[in-house]
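For the single chain, residues carry numbers from 1 onward in sequence order.
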Amino acid sequence: MDILKVDHVGIAVNNLNETLKFYEDVLGIKCEGKETVEDQKVKVAFLPVGDTELELLESTTEDGPIAKFIAKNGGRGGIQHVAVRVLNIEKAIEEVKAKGYKMIDEVPRYGAGNAKIAFCHPKGTDGVLLELSERQ
């Protein structure tokens with residue numbers, strides 16, 4: 001599999017704007033954009049750090065995946081996923097499956113930043129939600 005780099009670290013937050021204050025005012029990391037991904041029920045803020053990003057994620061609904069993650073985490077946010085950038089996501093998905101591991105997404109979908117994404121099932125990654133991401 002052609003993994004190019006760690007693409008981003010997804011961090012679930014209760015309040016995007018409040019959390020951004022810490023990253024911008026204290027750490028000096030400037031947000032380079034926000035977007036809402038309706039299909040995933042999430043608002044996202046992008047914070048570049050070197051050649052990767054921190055991706056802050058706030059749920060837009062009480063039943064969204066980020067809201068469920070926060071509820072399971074005692075109402076606190078935290079690292080929700082790690083994404084690696086791959087050269088060819090379809091090929092990467094097939095390689096994972098060919099080696100006997102399960103994918104949550106067997107067909108890529110579009111995520112934040114117009115990336116093609118697919119998640120590996122955490123049962124095969126010792127509990128880590130790992131995202132495969134292809135960006136143009």
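In terms of heavy atoms, E35 sits closest to G111 at OE2-O, 4.5 Å. In this structure, K30 and P48 approach most closely via the heavy-atom pair O-CD, 3.4 Å. The heavy-atom pair separating P108 from E90 by the smallest distance is CG-OE2, 3.8 Å. Taking all atoms of both residues into account, the shortest heavy-atom contact from C120 to T125 is CB-CG2, 4.3 Å. Smallest separation of non-hydrogen atoms from N14 and G75: ND2-O, 3.0 Å. Across all their heavy atoms, G64 and S59 have their closest contact at CA-OG, 3.9 Å.
When the options T52, D2, D7 are evaluated for a side chain to side chain donor-acceptor pair (under 3.5 Å) with R85, the one that passes is D7. Evaluated for a side chain to side chain contact (heavy atoms under 4.5 Å, CB included) with K116, the options V86, N88, I89 yield exactly one hit, I89.
Taken together through direct or relayed side-chain contacts under 4.5 Å among Ile, Leu, Val, Met, Phe, Trp and Tyr, V49 and V13 form part of one hydrophobic cluster. Tracing side-chain contacts under 4.5 Å through hydrophobic residues (I, L, V, M, F, W, Y), one never reaches L54 starting from V44; they form parts of separate clusters. Note on Y101 and M103: same hydrophobic cluster, where clusters join Ile, Leu, Val, Met, Phe, Trp and Tyr whose side-chain heavy atoms are under 4.5 Å apart, directly or indirectly. There is no path of hydrophobic side-chain contacts, each under 4.5 Å, that joins V96 to V107. Linking Ile, Leu, Val, Met, Phe, Trp and Tyr residues whenever their side-chain heavy atoms come within less than 4.5 Å places I29 and L16 in a single cluster.
Between D39 and R109, no side-chain nitrogen of the basic residue sits less than 4.0 Å from a carboxylate oxygen of the acidic one, so the salt-bridge criterion is not met. Between E94 and K97 there is a salt bridge, with a side-chain nitrogen of the basic residue lying less than 4.0 Å from a carboxylate oxygen of the acidic one.
Looking only at distances, no side-chain donor or acceptor of E62 sits under 3.5 Å from a matching main-chain atom of A67. Looking at Q80, its side chain never comes within 3.5 Å of a backbone N or O of I66 through a donor-acceptor pair. No donor-acceptor pair closer than 3.5 Å links the side chain of T36 to the backbone N or O of E38.
Applying the ring-ring contact (aromatic ring centres under 6.0 Å, His included) criterion to F69, with sequence neighbours excluded, gives no partner residue.
Pairs of residues two or more places apart, or lying in two chains, that qualify as ring pair (Phe, Tyr, Trp, His ring centres under 6.0 Å) and include a residue from residues 114-136 are H81-F119. Sequence neighbours left out, not one pair with a member in residues 13-47 passes ring pair (Phe, Tyr, Trp, His ring centres under 6.0 Å).
Other residues, nucleotides and ligands contribute only 12 or fewer heavy atoms inside 6.0 Å of the NZ atom of K102. Within a 6.0 Å sphere centred on CD1 of I79, other residues, nucleotides and ligands contribute 12 heavy atoms or fewer.
When side chains are defined from C-beta on, P122 counts as touching I104, because their heavy atoms get closer than 4.5 Å.
We find the CG-CG distance between L20 and L56 to be 5.5 Å, quoted to the nearest 0.5 Å. Atom CD1 of I93 and atom CD1 of I117 lie 10.0 Å apart (nearest 0.5 Å). Note that the CD1 atom of I11 and the CD atom of E53 stand 11.5 Å from one another [nearest 0.5 Å]. Atom-to-atom distance recorded for L132:CG and E134:CD is 10.5 Å, nearest 0.5 angstrom. The CG atom of L57 sits 15.0 Å away from the NZ atom of K41 when rounded to the nearest 0.5 Å.
Counting only N and O atoms by type, the side chains of K34 and N17 include a donor and acceptor under 3.5 Å apart.
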